[in-house]
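Reading through the C-alpha coordinates given below for one structure.
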Amino acid sequence: MKIQSIRGTRDILPDQIQQWHYVYDILKRTSEKYGFEEYRTPIFEKTEVFKRSIGEETDIVNKEMYTFLDKGGDSITLRPEMTAAIVRSIIQNNLNQIHNIIRVWYFGPFFRYERPQKGRLRQFHQYGAELIGSPFPEADAEIIDLAISIINDFGIKDYQLLINSLGNSVSRQNYKSALVEYFNSNIEHLSQESKQRLISNPLRILDSKDPSEKDVISNAPSVLDYFDSESRDHFELVLELLKSSGINYEISPQLVRGLDYYSHTVFELRSNALGSQDSFAGGGRYDELFSQMGEKPTPAVGFAMGIERLLLILEQSALIPVFPSKIDFYIVIQSNDYLSFARKVANILRENGYKVIIELARRSFKSQMRDANKVQSKYAAIIGEQEFADNSVAIKNMETSEQIVYTLDNLQKTFKK
RNA sequence: GUGCUAUUAGCUCAGUAGGUAGAGCAUCAGAUUGUGGCUCUGAGGGUCGAGGGUUCGAGUCCCCCAUGGCACCCCA
(Lines give C-alpha, C1' and ligand atoms only; values in the text may rest on other atoms or scores of the structure.)
Protein backbone atom coordinates (compact mmCIF):
# COMPACT_ATOMS: atom_id res chain seq x y z
CA MET A 1 0.00 0.00 0.00
CA LYS A 2 1.08 3.54 -0.72
CA ILE A 3 2.76 5.21 2.21
CA GLN A 4 0.35 7.27 4.26
CA SER A 5 0.25 9.87 6.98
CA ILE A 6 -1.16 9.00 10.37
CA ARG A 7 -4.93 8.87 10.56
CA GLY A 8 -6.50 12.21 11.35
CA THR A 9 -3.40 14.19 10.43
CA ARG A 10 -2.99 16.43 7.44
CA ASP A 11 -0.28 18.05 5.41
CA ILE A 12 -0.49 21.75 4.75
CA LEU A 13 0.57 22.01 1.12
CA PRO A 14 2.26 25.03 -0.42
CA ASP A 15 -0.93 26.22 -2.08
CA GLN A 16 -2.66 26.31 1.30
CA ILE A 17 0.08 27.87 3.33
CA GLN A 18 -0.86 31.42 2.42
CA GLN A 19 -4.22 30.93 4.08
CA TRP A 20 -2.46 29.85 7.23
CA HIS A 21 -0.20 32.88 7.15
CA TYR A 22 -3.22 35.07 6.58
CA VAL A 23 -5.00 33.58 9.60
CA TYR A 24 -1.91 33.75 11.77
CA ASP A 25 -1.28 37.38 10.86
CA ILE A 26 -4.79 38.49 11.79
CA LEU A 27 -4.69 36.58 15.06
CA LYS A 28 -1.35 38.12 15.92
CA ARG A 29 -2.40 41.64 15.02
CA THR A 30 -5.69 41.50 16.87
CA SER A 31 -4.12 39.94 19.96
CA GLU A 32 -1.51 42.65 20.02
CA LYS A 33 -4.22 45.31 19.84
CA TYR A 34 -5.35 44.01 23.22
CA GLY A 35 -1.83 43.97 24.61
CA PHE A 36 -1.36 40.20 24.45
CA GLU A 37 2.04 38.66 23.79
CA GLU A 38 2.77 35.37 22.06
CA TYR A 39 3.64 32.37 24.23
CA ARG A 40 5.13 29.08 23.11
CA THR A 41 5.62 25.89 25.09
CA PRO A 42 6.83 22.40 24.14
CA ILE A 43 4.27 20.24 22.38
CA PHE A 44 4.66 17.55 25.01
CA GLU A 45 4.54 17.61 28.78
CA LYS A 46 4.62 15.20 31.65
CA THR A 47 1.27 13.43 31.69
CA GLU A 48 0.75 14.76 35.20
CA VAL A 49 0.31 18.29 33.88
CA PHE A 50 -2.85 17.41 31.98
CA LYS A 51 -4.24 14.84 34.41
CA ARG A 52 -4.16 17.22 37.32
CA SER A 53 -5.60 20.17 35.45
CA ILE A 54 -8.12 18.94 32.92
CA GLY A 55 -9.55 16.35 35.30
CA GLU A 56 -9.17 12.58 35.62
CA GLU A 57 -12.79 11.94 34.75
CA THR A 58 -12.94 13.97 31.56
CA ASP A 59 -12.99 12.28 28.16
CA ILE A 60 -9.94 14.22 27.11
CA VAL A 61 -7.84 12.60 29.80
CA ASN A 62 -9.62 9.24 29.84
CA LYS A 63 -9.58 8.32 26.21
CA GLU A 64 -8.22 11.06 24.01
CA MET A 65 -4.63 11.63 25.08
CA TYR A 66 -1.56 10.53 23.18
CA THR A 67 0.37 9.19 26.15
CA PHE A 68 3.51 7.07 26.06
CA LEU A 69 6.54 6.18 28.13
CA ASP A 70 9.81 7.69 27.01
CA LYS A 71 13.11 5.86 27.22
CA GLY A 72 13.65 7.07 30.75
CA GLY A 73 10.34 5.53 31.78
CA ASP A 74 8.53 8.85 32.27
CA SER A 75 4.94 9.16 31.14
CA ILE A 76 4.77 11.82 28.43
CA THR A 77 1.67 13.27 26.75
CA LEU A 78 1.31 15.17 23.50
CA ARG A 79 -0.56 18.28 24.56
CA PRO A 80 -4.35 18.04 24.04
CA GLU A 81 -4.83 21.71 24.93
CA MET A 82 -2.78 24.71 25.98
CA THR A 83 -4.15 26.15 29.20
CA ALA A 84 -2.63 23.50 31.45
CA ALA A 85 0.74 23.86 29.73
CA ILE A 86 0.73 27.64 30.06
CA VAL A 87 -0.19 27.46 33.72
CA ARG A 88 2.66 25.00 34.26
CA SER A 89 5.03 27.32 32.46
CA ILE A 90 3.92 30.40 34.34
CA ILE A 91 4.39 28.64 37.64
CA GLN A 92 7.77 27.28 36.61
CA ASN A 93 9.03 30.69 35.49
CA ASN A 94 7.50 32.51 38.47
CA LEU A 95 5.64 34.88 36.21
CA ASN A 96 2.71 35.06 38.59
CA GLN A 97 4.91 36.21 41.46
CA ILE A 98 5.07 39.60 39.88
CA HIS A 99 1.81 41.39 40.50
CA ASN A 100 1.09 42.26 36.92
CA ILE A 101 -1.73 40.96 34.84
CA ILE A 102 -0.44 38.44 32.31
CA ARG A 103 -1.85 38.64 28.80
CA VAL A 104 -0.70 35.92 26.42
CA TRP A 105 -1.81 34.27 23.20
CA TYR A 106 -0.66 31.15 21.39
CA PHE A 107 -0.95 29.29 18.11
CA GLY A 108 0.13 25.73 17.47
CA PRO A 109 -0.60 22.04 17.04
CA PHE A 110 -2.55 19.92 19.52
CA PHE A 111 -3.28 16.21 19.69
CA ARG A 112 -6.36 14.21 20.60
CA TYR A 113 -6.96 10.56 19.86
CA GLU A 114 -10.46 10.70 18.41
CA ARG A 115 -12.30 9.34 15.43
CA PRO A 116 -11.71 11.90 12.69
CA GLN A 117 -14.59 13.79 11.18
CA LYS A 118 -15.02 17.05 9.32
CA GLY A 119 -13.54 19.71 11.57
CA ARG A 120 -12.10 17.10 13.89
CA LEU A 121 -8.57 15.83 13.50
CA ARG A 122 -6.05 14.01 15.63
CA GLN A 123 -3.50 16.71 15.08
CA PHE A 124 -5.24 20.06 14.88
CA HIS A 125 -4.33 23.67 15.53
CA GLN A 126 -5.59 26.10 18.07
CA TYR A 127 -5.25 29.76 18.70
CA GLY A 128 -5.95 30.87 22.22
CA ALA A 129 -5.58 33.68 24.71
CA GLU A 130 -5.15 33.65 28.46
CA LEU A 131 -5.64 36.58 30.82
CA ILE A 132 -4.13 35.77 34.17
CA GLY A 133 -4.26 37.66 37.45
CA SER A 134 -7.66 39.32 37.60
CA PRO A 135 -10.65 37.88 39.47
CA PHE A 136 -12.96 40.56 38.16
CA PRO A 137 -15.72 40.38 35.57
CA GLU A 138 -13.95 42.98 33.44
CA ALA A 139 -11.33 40.33 32.66
CA ASP A 140 -14.02 37.91 31.47
CA ALA A 141 -15.48 40.66 29.34
CA GLU A 142 -12.08 41.57 27.91
CA ILE A 143 -11.43 37.99 26.82
CA ILE A 144 -14.82 37.67 25.16
CA ASP A 145 -14.30 41.07 23.60
CA LEU A 146 -11.03 39.84 22.12
CA ALA A 147 -12.69 36.71 20.75
CA ILE A 148 -15.44 38.74 19.10
CA SER A 149 -12.94 41.24 17.78
CA ILE A 150 -11.09 38.40 16.05
CA ILE A 151 -14.31 37.13 14.51
CA ASN A 152 -15.04 40.63 13.24
CA ASP A 153 -11.56 41.08 11.83
CA PHE A 154 -12.07 37.94 9.77
CA GLY A 155 -15.42 39.25 8.61
CA ILE A 156 -17.42 36.37 10.08
CA LYS A 157 -21.07 37.31 10.52
CA ASP A 158 -22.81 33.98 10.88
CA TYR A 159 -22.08 32.87 14.44
CA GLN A 160 -23.66 32.70 17.90
CA LEU A 161 -22.08 33.54 21.22
CA LEU A 162 -23.41 31.26 23.96
CA ILE A 163 -22.63 32.12 27.54
CA ASN A 164 -23.27 30.63 30.93
CA SER A 165 -21.91 30.71 34.43
CA LEU A 166 -21.08 27.74 36.62
CA GLY A 167 -20.80 29.99 39.67
CA ASN A 168 -18.05 29.86 42.23
CA SER A 169 -17.00 26.60 43.83
CA VAL A 170 -19.53 26.84 46.66
CA SER A 171 -22.56 27.47 44.50
CA ARG A 172 -21.37 24.99 41.89
CA GLN A 173 -21.10 22.34 44.60
CA ASN A 174 -24.62 23.07 45.78
CA TYR A 175 -25.89 22.93 42.25
CA LYS A 176 -24.13 19.69 41.55
CA SER A 177 -25.73 18.03 44.59
CA ALA A 178 -29.15 19.25 43.54
CA LEU A 179 -28.60 17.91 40.04
CA VAL A 180 -27.47 14.52 41.25
CA GLU A 181 -30.49 14.31 43.53
CA TYR A 182 -32.82 15.27 40.71
CA PHE A 183 -31.37 12.84 38.18
CA ASN A 184 -31.24 10.04 40.72
CA SER A 185 -34.93 10.40 41.33
CA ASN A 186 -35.51 10.35 37.55
CA ILE A 187 -32.92 7.77 36.72
CA GLU A 188 -35.30 5.63 34.68
CA HIS A 189 -35.46 8.41 32.07
CA LEU A 190 -31.71 8.63 31.60
CA SER A 191 -29.72 7.03 28.81
CA GLN A 192 -27.05 4.48 29.61
CA GLU A 193 -24.36 7.07 28.94
CA SER A 194 -25.95 9.64 31.19
CA LYS A 195 -26.20 7.13 34.02
CA GLN A 196 -22.46 6.76 33.69
CA ARG A 197 -22.01 10.53 33.70
CA LEU A 198 -24.16 10.82 36.81
CA ILE A 199 -21.27 9.23 38.64
CA SER A 200 -18.33 10.70 36.76
CA ASN A 201 -19.44 14.19 35.76
CA PRO A 202 -23.12 14.98 36.34
CA LEU A 203 -22.95 18.46 34.80
CA ARG A 204 -22.23 16.92 31.43
CA ILE A 205 -25.64 15.27 31.32
CA LEU A 206 -27.00 18.72 30.58
CA ASP A 207 -25.58 18.98 27.07
CA SER A 208 -26.52 15.47 25.98
CA LYS A 209 -27.99 15.33 22.49
CA ASP A 210 -30.01 12.18 23.11
CA PRO A 211 -33.63 13.12 22.28
CA SER A 212 -35.03 10.48 24.64
CA GLU A 213 -33.79 12.37 27.67
CA LYS A 214 -34.53 15.84 26.41
CA ASP A 215 -37.50 16.24 28.75
CA VAL A 216 -35.75 15.16 31.93
CA ILE A 217 -32.95 17.56 31.14
CA SER A 218 -35.10 20.55 30.39
CA ASN A 219 -36.96 20.03 33.67
CA ALA A 220 -33.73 19.75 35.64
CA PRO A 221 -32.85 22.50 38.08
CA SER A 222 -31.01 25.43 36.47
CA VAL A 223 -27.60 26.68 37.59
CA LEU A 224 -28.91 30.19 37.64
CA ASP A 225 -31.12 29.34 40.64
CA TYR A 226 -28.21 28.13 42.72
CA PHE A 227 -25.98 31.17 42.56
CA ASP A 228 -24.91 32.85 45.75
CA SER A 229 -24.61 36.62 45.63
CA GLU A 230 -20.97 36.58 44.55
CA SER A 231 -21.67 34.25 41.64
CA ARG A 232 -24.73 36.20 40.59
CA ASP A 233 -22.99 39.57 40.78
CA HIS A 234 -20.04 38.32 38.79
CA PHE A 235 -22.20 36.90 36.01
CA GLU A 236 -24.44 39.94 35.84
CA LEU A 237 -21.54 42.33 35.57
CA VAL A 238 -19.99 40.28 32.77
CA LEU A 239 -23.26 40.41 30.86
CA GLU A 240 -23.58 44.13 31.50
CA LEU A 241 -20.12 44.83 30.17
CA LEU A 242 -20.80 42.78 27.06
CA LYS A 243 -24.04 44.61 26.50
CA SER A 244 -22.39 47.99 26.84
CA SER A 245 -19.84 47.10 24.18
CA GLY A 246 -22.61 45.95 21.85
CA ILE A 247 -21.82 42.23 21.93
CA ASN A 248 -24.83 40.01 21.35
CA TYR A 249 -25.00 36.84 23.40
CA GLU A 250 -27.40 34.11 24.27
CA ILE A 251 -27.53 32.76 27.81
CA SER A 252 -27.43 28.98 27.72
CA PRO A 253 -27.85 27.38 31.16
CA GLN A 254 -27.03 23.99 29.64
CA LEU A 255 -23.58 25.04 28.47
CA VAL A 256 -21.09 23.19 30.65
CA ARG A 257 -17.86 22.48 28.71
CA GLY A 258 -15.78 19.40 29.09
CA LEU A 259 -12.90 20.53 31.22
CA ASP A 260 -13.08 20.34 35.00
CA TYR A 261 -11.21 23.48 35.80
CA TYR A 262 -13.85 26.01 34.85
CA SER A 263 -15.80 28.16 37.29
CA HIS A 264 -17.97 31.23 36.79
CA THR A 265 -18.10 32.31 33.15
CA VAL A 266 -18.03 29.75 30.35
CA PHE A 267 -18.73 30.57 26.72
CA GLU A 268 -18.70 29.10 23.25
CA LEU A 269 -18.83 30.38 19.68
CA ARG A 270 -20.86 28.35 17.22
CA SER A 271 -21.34 28.51 13.49
CA ASN A 272 -23.85 26.91 11.14
CA ALA A 273 -21.09 26.43 8.59
CA LEU A 274 -19.69 23.50 10.54
CA GLY A 275 -22.30 20.75 10.81
CA SER A 276 -22.18 18.56 13.86
CA GLN A 277 -18.94 19.92 15.27
CA ASP A 278 -20.48 23.38 15.32
CA SER A 279 -18.40 25.01 18.02
CA PHE A 280 -15.24 26.70 16.83
CA ALA A 281 -14.14 28.49 19.98
CA GLY A 282 -14.72 28.07 23.67
CA GLY A 283 -13.41 29.16 26.99
CA GLY A 284 -14.09 30.44 30.44
CA ARG A 285 -12.77 31.36 33.83
CA TYR A 286 -10.47 28.97 35.69
CA ASP A 287 -9.77 30.50 39.09
CA GLU A 288 -9.05 27.15 40.69
CA LEU A 289 -6.54 25.77 38.24
CA PHE A 290 -3.43 27.29 39.81
CA SER A 291 -4.26 25.91 43.23
CA GLN A 292 -5.11 22.56 41.65
CA MET A 293 -1.56 22.62 40.26
CA GLY A 294 -0.23 23.18 43.76
CA GLU A 295 0.35 26.89 43.46
CA LYS A 296 -1.13 29.86 45.31
CA PRO A 297 -4.59 30.65 43.92
CA THR A 298 -4.40 32.85 40.84
CA PRO A 299 -7.53 33.93 39.00
CA ALA A 300 -7.57 33.58 35.22
CA VAL A 301 -9.78 33.53 32.10
CA GLY A 302 -9.07 32.30 28.61
CA PHE A 303 -10.39 30.74 25.46
CA ALA A 304 -9.26 28.70 22.49
CA MET A 305 -10.25 28.64 18.84
CA GLY A 306 -9.93 25.75 16.40
CA ILE A 307 -7.99 26.89 13.34
CA GLU A 308 -9.18 24.12 10.98
CA ARG A 309 -12.76 24.92 11.93
CA LEU A 310 -12.11 28.61 11.48
CA LEU A 311 -10.75 27.90 8.00
CA LEU A 312 -13.85 25.86 7.21
CA ILE A 313 -16.02 28.84 8.09
CA LEU A 314 -13.86 31.26 6.14
CA GLU A 315 -13.91 28.99 3.10
CA GLN A 316 -17.62 28.45 3.19
CA SER A 317 -18.32 32.15 3.62
CA ALA A 318 -15.81 33.08 0.89
CA LEU A 319 -13.83 35.16 3.37
CA ILE A 320 -10.38 34.10 2.29
CA PRO A 321 -8.80 36.80 0.16
CA VAL A 322 -7.18 36.12 -3.18
CA PHE A 323 -3.45 36.26 -2.72
CA PRO A 324 -1.39 38.18 -5.25
CA SER A 325 1.05 36.55 -7.61
CA LYS A 326 4.04 35.06 -5.89
CA ILE A 327 6.51 35.45 -8.73
CA ASP A 328 7.84 38.73 -10.13
CA PHE A 329 10.12 37.48 -12.92
CA TYR A 330 10.26 34.26 -14.89
CA ILE A 331 13.50 34.00 -16.82
CA VAL A 332 12.81 32.44 -20.21
CA ILE A 333 15.76 31.25 -22.26
CA GLN A 334 15.86 30.39 -25.92
CA SER A 335 18.67 27.93 -25.48
CA ASN A 336 20.24 26.18 -22.57
CA ASP A 337 23.53 27.79 -23.63
CA TYR A 338 22.31 31.03 -22.11
CA LEU A 339 21.91 29.48 -18.68
CA SER A 340 24.79 31.20 -16.94
CA PHE A 341 23.74 34.52 -18.42
CA ALA A 342 20.20 33.82 -17.21
CA ARG A 343 21.53 33.17 -13.72
CA LYS A 344 23.31 36.49 -13.81
CA VAL A 345 20.07 38.28 -14.75
CA ALA A 346 18.19 36.39 -12.04
CA ASN A 347 20.67 37.39 -9.40
CA ILE A 348 20.57 41.05 -10.34
CA LEU A 349 16.82 41.01 -9.85
CA ARG A 350 17.00 38.94 -6.68
CA GLU A 351 19.49 41.37 -5.19
CA ASN A 352 16.90 44.04 -5.82
CA GLY A 353 14.40 42.04 -3.80
CA TYR A 354 12.34 40.39 -6.52
CA LYS A 355 11.07 36.84 -6.61
CA VAL A 356 12.67 35.22 -9.62
CA ILE A 357 12.23 31.79 -11.18
CA ILE A 358 14.68 30.26 -13.58
CA GLU A 359 14.15 27.25 -15.86
CA LEU A 360 15.59 24.05 -14.40
CA ALA A 361 13.93 21.36 -16.48
CA ARG A 362 15.46 22.25 -19.89
CA ARG A 363 12.02 22.69 -21.34
CA SER A 364 11.24 24.37 -24.61
CA PHE A 365 10.86 28.10 -25.00
CA LYS A 366 7.13 27.68 -25.42
CA SER A 367 6.87 25.61 -22.26
CA GLN A 368 8.70 28.22 -20.30
CA MET A 369 6.34 30.92 -21.51
CA ARG A 370 3.38 28.73 -20.65
CA ASP A 371 4.79 28.10 -17.23
CA ALA A 372 5.44 31.80 -16.69
CA ASN A 373 1.79 32.35 -17.43
CA LYS A 374 0.69 29.51 -15.20
CA VAL A 375 2.58 30.66 -12.13
CA GLN A 376 1.20 34.14 -12.77
CA SER A 377 4.56 35.78 -12.98
CA LYS A 378 4.28 39.54 -13.40
CA TYR A 379 7.05 39.61 -16.01
CA ALA A 380 8.83 37.26 -18.32
CA ALA A 381 12.52 38.09 -18.69
CA ILE A 382 13.29 36.76 -22.14
CA ILE A 383 16.79 35.91 -23.29
CA GLY A 384 17.03 35.03 -26.97
CA GLU A 385 19.86 35.04 -29.44
CA GLN A 386 19.76 38.80 -29.91
CA GLU A 387 19.58 39.64 -26.19
CA PHE A 388 22.36 37.21 -25.40
CA ALA A 389 24.59 38.85 -28.04
CA ASP A 390 23.76 42.38 -26.79
CA ASN A 391 24.16 41.58 -23.11
CA SER A 392 20.53 42.56 -22.62
CA VAL A 393 17.18 41.11 -21.64
CA ALA A 394 13.65 41.63 -22.94
CA ILE A 395 11.21 42.28 -20.13
CA LYS A 396 7.68 41.38 -21.07
CA ASN A 397 4.79 42.51 -18.93
CA MET A 398 2.61 39.40 -18.85
CA GLU A 399 -0.58 41.31 -18.31
CA THR A 400 -0.25 44.01 -20.98
CA SER A 401 2.10 42.05 -23.27
CA GLU A 402 4.30 45.15 -23.49
CA GLN A 403 7.93 44.29 -24.02
CA ILE A 404 11.01 46.45 -23.46
CA VAL A 405 14.64 45.51 -23.95
CA TYR A 406 17.07 46.53 -21.20
CA THR A 407 20.81 46.31 -20.94
CA LEU A 408 21.85 44.75 -17.64
CA ASP A 409 22.85 48.18 -16.31
CA ASN A 410 19.49 49.64 -17.14
CA LEU A 411 17.72 46.61 -15.74
CA GLN A 412 19.39 47.09 -12.41
CA LYS A 413 18.52 50.79 -12.35
CA THR A 414 14.95 50.44 -13.54
CA PHE A 415 13.89 47.60 -11.30
CA LYS A 416 14.77 48.72 -7.82
CA LYS A 417 12.65 48.00 -4.81
C1' G B 1 -15.03 3.31 20.90
C1' U B 2 -20.24 2.35 18.01
C1' G B 3 -23.42 2.66 13.51
C1' C B 4 -24.07 4.09 8.28
C1' U B 5 -21.60 5.28 3.70
C1' A B 6 -17.72 5.96 0.18
C1' U B 7 -12.70 4.52 -2.02
C1' U B 8 -11.51 3.57 -10.31
C1' A B 9 -5.40 8.00 -13.94
C1' G B 10 -2.36 14.09 -10.47
C1' C B 11 -7.91 16.10 -9.79
C1' U B 12 -13.46 15.40 -10.58
C1' C B 13 -16.01 11.27 -12.01
C1' A B 14 -18.30 7.28 -15.89
C1' G B 15 -18.06 1.93 -16.06
C1' U B 16 -24.24 -1.06 -18.46
C1' A B 17 -26.77 -8.53 -16.64
C1' G B 18 -19.60 -10.43 -13.35
C1' G B 19 -15.85 -11.34 -19.70
C1' U B 20 -9.05 -8.43 -17.45
C1' A B 21 -10.72 -0.11 -17.97
C1' G B 22 -12.94 5.31 -20.17
C1' A B 23 -14.13 10.93 -20.22
C1' G B 24 -13.19 15.95 -18.82
C1' C B 25 -9.56 18.88 -16.53
C1' A B 26 -4.33 18.81 -15.41
C1' U B 27 0.75 17.33 -17.40
C1' C B 28 4.09 16.99 -21.70
C1' A B 29 4.67 17.93 -26.90
C1' G B 30 3.15 19.93 -31.68
C1' A B 31 0.11 23.28 -35.07
C1' U B 32 3.26 28.53 -34.60
C1' U B 33 11.87 28.38 -36.99
C1' G B 34 12.62 33.77 -31.12
C1' U B 35 6.84 35.01 -27.08
C1' G B 36 2.16 32.75 -22.70
C1' G B 37 -3.27 33.13 -21.99
C1' C B 38 -7.96 31.26 -26.76
C1' U B 39 -8.47 27.14 -30.33
C1' C B 40 -7.07 22.48 -32.58
C1' U B 41 -4.00 17.81 -32.73
C1' G B 42 -1.20 14.08 -30.42
C1' A B 43 1.35 11.58 -26.33
C1' G B 44 2.41 9.77 -21.46
C1' G B 45 -0.08 8.18 -17.12
C1' G B 46 -4.20 3.12 -13.71
C1' U B 47 -1.37 -4.23 -10.54
C1' C B 48 -9.59 -0.23 -10.33
C1' G B 49 -7.31 1.68 -1.58
C1' A B 50 -4.60 -3.36 0.74
C1' G B 51 -5.31 -8.58 1.49
C1' G B 52 -8.32 -12.94 1.12
C1' G B 53 -12.66 -15.70 -0.90
C1' U B 54 -16.71 -17.29 -4.64
C1' U B 55 -16.24 -18.11 -10.06
C1' C B 56 -13.71 -20.88 -16.09
C1' G B 57 -13.35 -15.48 -15.38
C1' A B 58 -14.33 -9.79 -10.44
C1' G B 59 -13.55 -2.66 -10.88
C1' U B 60 -18.37 -5.18 -10.70
C1' C B 61 -20.52 -10.43 -5.64
C1' C B 62 -18.77 -11.94 -0.25
C1' C B 63 -15.24 -11.28 4.07
C1' C B 64 -11.57 -8.45 6.40
C1' C B 65 -8.20 -4.30 7.01
C1' A B 66 -6.89 0.88 5.93
C1' U B 67 -8.42 5.78 4.92
C1' G B 68 -12.25 9.72 4.04
C1' G B 69 -17.30 11.50 4.95
C1' C B 70 -21.96 11.57 8.08
C1' A B 71 -24.16 10.59 12.87
C1' C B 72 -23.31 9.18 18.16
C1' C B 73 -19.61 10.22 21.96
C1' C B 74 -16.61 14.43 22.88
C1' C B 75 -14.51 18.87 21.81
C1' A B 76 -11.43 23.35 18.80
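All heavy atoms count here, side chains included; hydrogens, waters and symmetry mates do not. Predicted model, so just to flag it, every value in this text is computed and none were measured.
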Please walk me through it: do A/Glu213 and A/Ser191 pass side-chain hydrogen bond (donor to acceptor under 3.5 Å, both in side chains)? CA-CA 7 Å; A/Glu213 50 188 3; A/Ser191 67; 3.2 Å; yes

Verify whether one side chain among A/Thr30 and A/Ser149 offers a donor that lies under 3.5 Å from an acceptor in the other. no

How long is the line joining CG of A/Asp11 and C1' of B/G10, in whole Å? 15 Å

Below 30° counts as parallel, above 60° as perpendicular, anything between as tilted: where do the rings of A/Tyr22 and A/Phe154 land? perpendicular

Is a donor from one side chain sitting under 3.5 angstrom from an acceptor on the other, for A/Ser31 and A/Tyr127? yes

Checking N1-N3 plus N6-O4 or O6-N4 for Watson-Crick, or N1-O2 and O6-N3 for wobble, each under 3.5 Å, the partner of B/G57 is none

Looking only at the aromatic ring of each residue, does the gap between the centers of A/Tyr39 and A/Tyr106 stay below 6.0 angstrom? no

Expected rows: protein N/O vs nucleotides 67-70 of chain B N/O, under 3.5 Å:
| residue | atom | partner | partner atom | Å |
| --- | --- | --- | --- | --- |
| B/G68 | OP1 | A/Gly8 | N | 2.9 |
| B/G68 | OP2 | A/Arg7 | NE | 2.9 |
| B/C70 | OP2 | A/Lys118 | N | 2.4 |

Using the C1' atom on both, measure B/G30 against B/G36 and round to a whole Å. 16 Å

Contact class for A/Phe124 vs. all strands (heavy atom < 4.0 Å): base, sugar-phosphate, or nothing? base

Please determine, for B/C70, whether a Watson-Crick or G-U wobble partner exists with both distances under 3.5 Å, and give it or none. B/G3

Can you label the angle between the A/Phe329 ring and the A/Tyr379 ring as parallel, tilted or perpendicular, going by 30° and 60°? parallel

Scan nucleotides 34-39 of chain B against the protein and return all N/O pairs shorter than 3.5 Å with their distances rounded to 0.1 Å.
| residue | atom | partner | partner atom | Å |
| --- | --- | --- | --- | --- |
| B/G34 | O2' | A/Gln334 | OE1 | 3.1 |
| B/G34 | N1 | A/Glu387 | OE1 | 2.7 |
| B/G34 | N1 | A/Glu387 | OE2 | 3.1 |
| B/G34 | N2 | A/Gly384 | N | 2.8 |
| B/G34 | N2 | A/Glu387 | OE1 | 2.7 |
| B/U35 | O2' | A/Lys396 | NZ | 3.0 |
| B/U35 | O2 | A/Lys396 | NZ | 2.9 |
| B/U35 | O2 | A/Gln403 | OE1 | 3.2 |
| B/U35 | N3 | A/Gln403 | OE1 | 2.7 |
| B/U35 | N3 | A/Gln403 | NE2 | 3.1 |
| B/U35 | O4 | A/Gln403 | NE2 | 2.6 |
| B/G36 | N7 | A/Lys396 | NZ | 3.2 |
| B/G36 | O6 | A/Ser401 | OG | 2.1 |
| B/G36 | N1 | A/Met398 | O | 2.5 |
| B/G36 | N2 | A/Asn373 | OD1 | 2.9 |
| B/G36 | N2 | A/Met398 | O | 2.8 |
| B/G36 | N3 | A/Asn373 | OD1 | 3.2 |
| B/G37 | O4' | A/Asn373 | ND2 | 3.2 |
| B/G37 | O6 | A/Ser401 | OG | 3.0 |

Expressed as a whole number of Å, how far does the P atom of B/U41 sit from that of B/G34? 26 Å

Considering every strand shown, what is the Watson-Crick or G-U wobble mate of B/U47 when both distances are under 3.5 Å? none

Looking only at atom P, what distance separates B/A6 and B/C61, rounded to whole Å? 10 Å

Distance between the P atoms of B/G51 and B/C73, in whole angstroms? 37 Å

To the nearest Å, how far apart are A/Ile313 CD1 and B/A76 C1'? 10 Å

Inter-nucleotide C1' distance (B/G68, B/A50), Å rounded: 16 Å

Looking only at side-chain N and O atoms, does A/Arg363 come under 4.0 Å of OP1 or OP2 in B/A29? no

For A/Tyr286 and A/Glu130, test the side chains for any donor-to-acceptor distance below 3.5 angstrom and give the result as yes or no. yes

Over all strands shown, is A/Ala372 touching base, sugar-phosphate only, or nothing at heavy-atom distances under 4.0 angstrom? nothing

Could you please name the partner base of B/C13, counting Watson-Crick and G-U wobble pairs only when both distances are under 3.5 Å? B/G22

In whole Å, what separates the P atom of B/G49 from that of B/C62? 15 Å

Please verify the inter-ring angle class for A/Phe415 with A/Tyr354; under 30° counts as parallel, over 60° as perpendicular, anything in between as tilted. perpendicular

For A/Thr67 and A/Thr77, does a side-chain donor sit closer than 3.5 Å to a side-chain acceptor? yes

In the strands shown, is B/U41 matched to any nucleotide by a Watson-Crick or G-U wobble pair with both distances under 3.5 Å, and which? B/A29

Taking the six-membered ring of A/Phe111, is NZ or CZ of A/Arg79 closer than 6.0 Å to its centre and within 45° of its axis? no

Without decimals, in angstroms, what is the distance between A/Tyr113 OH and B/A76 P? 20 Å

